[in-house]
Amino acid sequence: VYPFARDRYWTPVHPYRAAATTPPAPEPVLTTGPEMAYYRPVWQERALDIAIPARHTPRSVVIIGAAATDELARDLAARHSAAAIRHLPASAAAEFGEFFREHQDIDQVYCFGPRSGEPSALHDWNALGQSREQGVIALFHLFKALLAAGYADRPLGLTVITRCAHAIASTDQAEPCAAAMHGLVLTAARELPRWDIACVDIGTEDSQGAAIIAEPPHRHGEEIAWRGERRYMRKLVPLDLPPAAGPVFRERGVYLIIGGAGGIGLMLAEHLARSVRARLVLVGRSEPNPEAAVALARLGSLGADVLYL
């Protein structure tokens, strides 16, 4: 389901088996030589650029997911003393649509991620479910409500605030449900150019009201975290890997490829089919187009078993 689509679609299951009657045309395969570049993400301390123009002064502010008594929420409200402040609980996500239809004057939204105090235990399904509902699901409903209320074509400031979504130090534990909000924000920032969208991760006890207000829009996939008085940005740095000591993929192994009908997905699938006669499960958002269907059928002739979902 595409995050900002208004309709929901279920795609049928398409098994593709070897049925080629003509030799397949040669296709590009994955390269593994020294021309490939590898990178790893690292957090680097990066001060806020003082040359960045100040953001607009909002007249109507909505704070979602934090009670009026929350220390950071109070700080944000106090720094917007000239604005009308409204609070909405994340649990009221079903009511977001009605709220934004009735209030057409909002120009700044702060959306807080779940605050559990401790990172969600991956085996605690109740905790994970609650964090998901108060985090990425509530944020998803917020986007849908704003778009349905006609905010897509007008200026809007939207700042998402999470706590411990990222592990900055090697000893940190990340909050997975809070981290999911960052992925949704990165997509929205590119698809809603009229909005000033930012996502800031802070520590469990941090209260960085001034820094959060000053944070510029993240239009190019920036990932920002504050720990105490220090601001960090995640960057990709080159990584040198030694040659593989043995085969990387297992003969007749089972491999799941998300986005398997896309260009990169099909290229990887063909590499696995040629090299290890893999059993492939390819997942896509829609039925494969004619070109992709031909490519999927070709995989069978290369020795792979293919299931497309």
Side-chain angles (χ1 to χ4, degrees), residues 1-2 11-44 119-123 125 128 165-177 179-180 182-183 186-187 221 223 234-309:
V1 179
Y2 187 61
T11 58
V13 174
H14 294 276
Y16 289 87
R17 302 296 178 185
T21 57
T22 58
E27 295 286 338
V29 297
L30 290 177
T31 57
T32 56
E35 66 274 13
M36 289 193 70
Y38 299 91
Y39 296 84
R40 65 185 180 95
V42 299
W43 289 96
Q44 298 177 344
S120 299
L122 293 180
H123 62 274
W125 293 108
L128 282 172
H166 299 299
I168 306 302
S170 59
T171 56
D172 289 349
Q173 284 186 290
E175 172 60 69
C177 289
H182 286 246
L186 291 174
T187 300
E223 294 185 78
R234 184 148 68 174
K235 305 290 288 185
L236 294 176
V237 299
L239 176 64
D240 292 327
L241 293 178
V248 176
F249 300 110
R250 184 164 58 90
E251 183 75 16
R252 297 295 292 163
V254 179
Y255 296 94
L256 172 68
I257 303 178
I258 308 297
I264 296 177
L266 283 173
M267 188 179 293
L268 174 59
E270 179 166 333
H271 175 75
L272 292 170
R274 289 181 183 276
S275 60
V276 296
R277 298 183 303 120
R279 290 171 287 178
L280 302 170
V281 180
L282 310 181
V283 179
R285 292 189 305 191
S286 59
E287 293 192 43
N289 59 36
E291 293 80 8
V294 171
L296 290 171
R298 185 188 300 121
L299 296 174
S301 69
L302 298 176
D305 292 332
V306 184
L307 178 64
Y308 181 82
L309 302 173

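All figures in this text were calculated on a predicted structure; none of them were measured in a lab.
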Between Ala165 and Ala174, the two heavy atoms sitting closest are O-CB, 3.3 Å
Kindly give the heavy-atom pair with the smallest separation between Tyr308 and Val283, and that separation in Å. CE1-C, 4.4 Å
Has the side chain of Tyr255 got a donor or acceptor atom that lies under 3.5 Å from a matching backbone atom of Arg250? yes
Over all atoms of both residues, closest heavy-atom pair of Pro41 and Arg234: CB-CD, 3.7 Å
Nearest 0.5 Å, please: how far is NE2 in His182 from OG1 in Thr187? 13.0 Å
Spell out, as yes or no, whether a donor-acceptor pair under 3.5 Å connects the side chain of Arg279 to the backbone of Arg252. yes
Can you name the closest pair of heavy atoms from Ala269 and Leu282 and give their distance? CB-CD2, 4.3 Å
Distance from Leu302 atom CG to Leu272 atom CG, nearest 0.5 Å? 11.5 Å
Straight-line distance of Leu268 CG to Ile257 CD1, nearest 0.5 Å: 4.0 Å
If you compare all heavy atoms of Ala292 against all heavy atoms of Pro288, which two are closest, and at what distance to 0.1 Å? CB-CB, 3.8 Å
Would you call the rings of His166 and Trp43 parallel, tilted or perpendicular, where under 30° means parallel and over 60° means perpendicular? tilted
